[in-house]
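For reference, the structure discussed in these notes is given below.
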Amino acid sequence: MQKYLPHIRIPFKLFDDERIKRIPEEYRSSSLLILISLLKFVNAQNGQCYPRQATISSMVCLSRSTIYRCTEWLQEVGILKKKRLKSTLLYMINPEYIVNKKIDVSSRDYDVSRKHIPRVMMTDINRTTINLTNIDKLVKEVVSKGGDKNVIIDKLFKQHLESLRCSIELIEEDIPCLDSDY
């Protein structure tokens, strides 16, 4: 008995992707289907796969000419690249469309500045903002004044009690028949 059912992982953004929308509507659904079938064979380490067109055709029930046209469109919009081999085609799928792409960072000469990491996995630190919640601000304030864990807990309890009272007052204003004894 199998431990789990085999499956294909597809990034959610694929369905709203601008590149997909540039493919003519008559080929869009077939192109998506072919891309998904290629993802079944892709090597997540290097983004390459080389299924035969006959294999793809039998999986998706499309003619070889449709597969050819759709892969041409996928190549034109930058989702994949094709390279002719002796007996088949090598498909190289853009890393943005591979879920859980693993990057080897074990080698000593690995240098992030060389741009080995795909753009999708990079975060521009200049555009990153840290939003503090009210709880973060309260904890920071108490710690800066030399307070300990017990002071933080007391202040949080009082703050939540105040917000609860405030909420109840708002409800009583909207619903005048609400009895405050509840």
Side-chain angles (χ1 to χ4, degrees), residues 1-137 139 163 167:
M1 183 172 184
Q2 290 181 331
K3 227 178 197 181
Y4 62 89
L5 293 174
H7 61 281
I8 300 170
R9 303 208 56 198
I10 303 168
F12 288 132
K13 73 174 195 138
L14 182 66
F15 301 102
D16 295 323
D17 195 284
E18 288 302 316
R19 291 177 180 164
I20 296 290
K21 291 179 182 174
R22 290 195 320 239
I23 297 173
E25 202 168 307
E26 62 192 86
Y27 296 111
R28 196 174 298 154
S29 60
S30 298
S31 297
L32 272 171
L33 189 58
I34 291 167
L35 178 59
I36 291 168
S37 69
L38 289 173
L39 287 171
K40 175 184 180 189
F41 299 102
V42 75
N43 177 338
Q45 299 296 322
N46 59 20
Q48 297 178 355
C49 61
Y50 39 91
R52 300 178 71 86
Q53 280 191 343
T55 306
I56 298 170
S57 178
S58 67
M59 283 177 62
V60 297
C61 298
L62 294 171
S63 69
R64 287 178 166 184
S65 60
T66 303
I67 292 169
Y68 175 80
R69 253 184 258 114
C70 291
T71 54
E72 287 294 312
W73 278 110
L74 290 167
Q75 186 172 355
E76 188 172 315
V77 297
I79 293 176
L80 63 85
K81 293 179 183 175
K82 296 190 302 186
K83 182 179 178 184
R84 183 79 191 140
L85 300 178
K86 285 183 180 179
S87 62
T88 188
L89 285 170
L90 171 67
Y91 298 96
M92 294 161 281
I93 299 176
N94 187 326
E96 295 176 30
Y97 299 94
I98 301 173
V99 178
N100 289 343
K101 176 160 174 44
K102 293 180 176 60
I103 297 174
D104 182 24
V105 292
S106 61
S107 71
R108 288 177 173 242
D109 67 335
Y110 189 82
D111 184 6
V112 176
S113 66
R114 289 192 216 152
K115 308 287 186 219
H116 291 299
I117 298 177
R119 192 107 183 105
V120 175
M121 299 179 77
M122 290 186 199
T123 301
D124 183 4
I125 196 69
N126 297 326
R127 293 172 53 192
T128 303
T129 57
I130 299 172
N131 297 324
L132 296 176
T133 64
N134 289 339
I135 294 173
D136 295 327
K137 292 174 185 173
V139 170
S163 66
S167 298

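Note that OG1 of T71 is 12.5 Å distant from CZ of R64, once rounded to the nearest 0.5 Å. Note that CD1 of I23 and CZ of R69 are 13.5 Å apart. Values are rounded to the nearest 0.5 Å.
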- Would you check, one step at a time, whether the test side-chain contact (heavy atoms from CB on, under 4.5 Å) holds for D17 with Y97? CA-CA 10 Å; D17 195 284; Y97 299 94; 2.9 Å; yes
- Task: Apply side-chain contact (heavy atoms from CB on, under 4.5 Å) to the pair V77 and I20, showing each step before the final yes or no.
- Result: CA-CA 7 Å; V77 297; I20 296 290; 5.9 Å; no
- Take L89 and R84 through the test side-chain contact (heavy atoms from CB on, under 4.5 Å) and record every step on the way to the result. CA-CA 5 Å; L89 285 170; R84 183 79 191 140; 3.7 Å; yes
- Item | Stepwise side-chain contact (heavy atoms from CB on, under 4.5 Å) test for Y91 and L74 | CA-CA 11 Å; Y91 298 96; L74 290 167; over 6 Å; no
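The number of heavy atoms from other shown groups lying within 6.0 Å of NZ (K21) is above 12. With a 6.0 Å radius and a threshold of 12 heavy atoms from other residues, nucleotides or ligands, Y50 has its OH atom at or below the threshold. Taking a 6.0 Å sphere around NZ of K81, one finds it holds 12 or fewer heavy atoms contributed by other residues, nucleotides or ligands. More than 12 heavy atoms of other residues, nucleotides or ligands shown are found within 6.0 angstrom of CZ on R22. More than 12 heavy atoms of other residues, nucleotides or ligands shown are found within 6.0 angstrom of CD on E26.
In this structure a side-chain-to-backbone donor-acceptor pair under 3.5 Å is present from S31 to Y27. R52 places no side-chain N or O within donor-acceptor distance of the main-chain N or O of T88, the cut-off being under 3.5 Å.
The two residues R19 and G78 come nearest to each other via the heavy atoms NH1-O, 3.5 Å. Across all their heavy atoms, M92 and K82 have their closest contact at CE-C, 4.4 Å.
Using a cut-off of 4.0 Å between Lys/Arg side-chain N and Asp/Glu carboxylate O, K13 and E96 are scored as salt-bridged.
For the side-chain contact (heavy atoms from CB on, under 4.5 Å) test with S37, the passing option among L62, I67, I56 is I56; the others fail. Of the listed residues (I93, I34, V99), just one forms a side-chain contact (heavy atoms from CB on, under 4.5 Å) with L39, and that residue is I93.
Looking at I10 and L35, their side chains never come closer than 4.5 Å, going by heavy atoms from C-beta outward.
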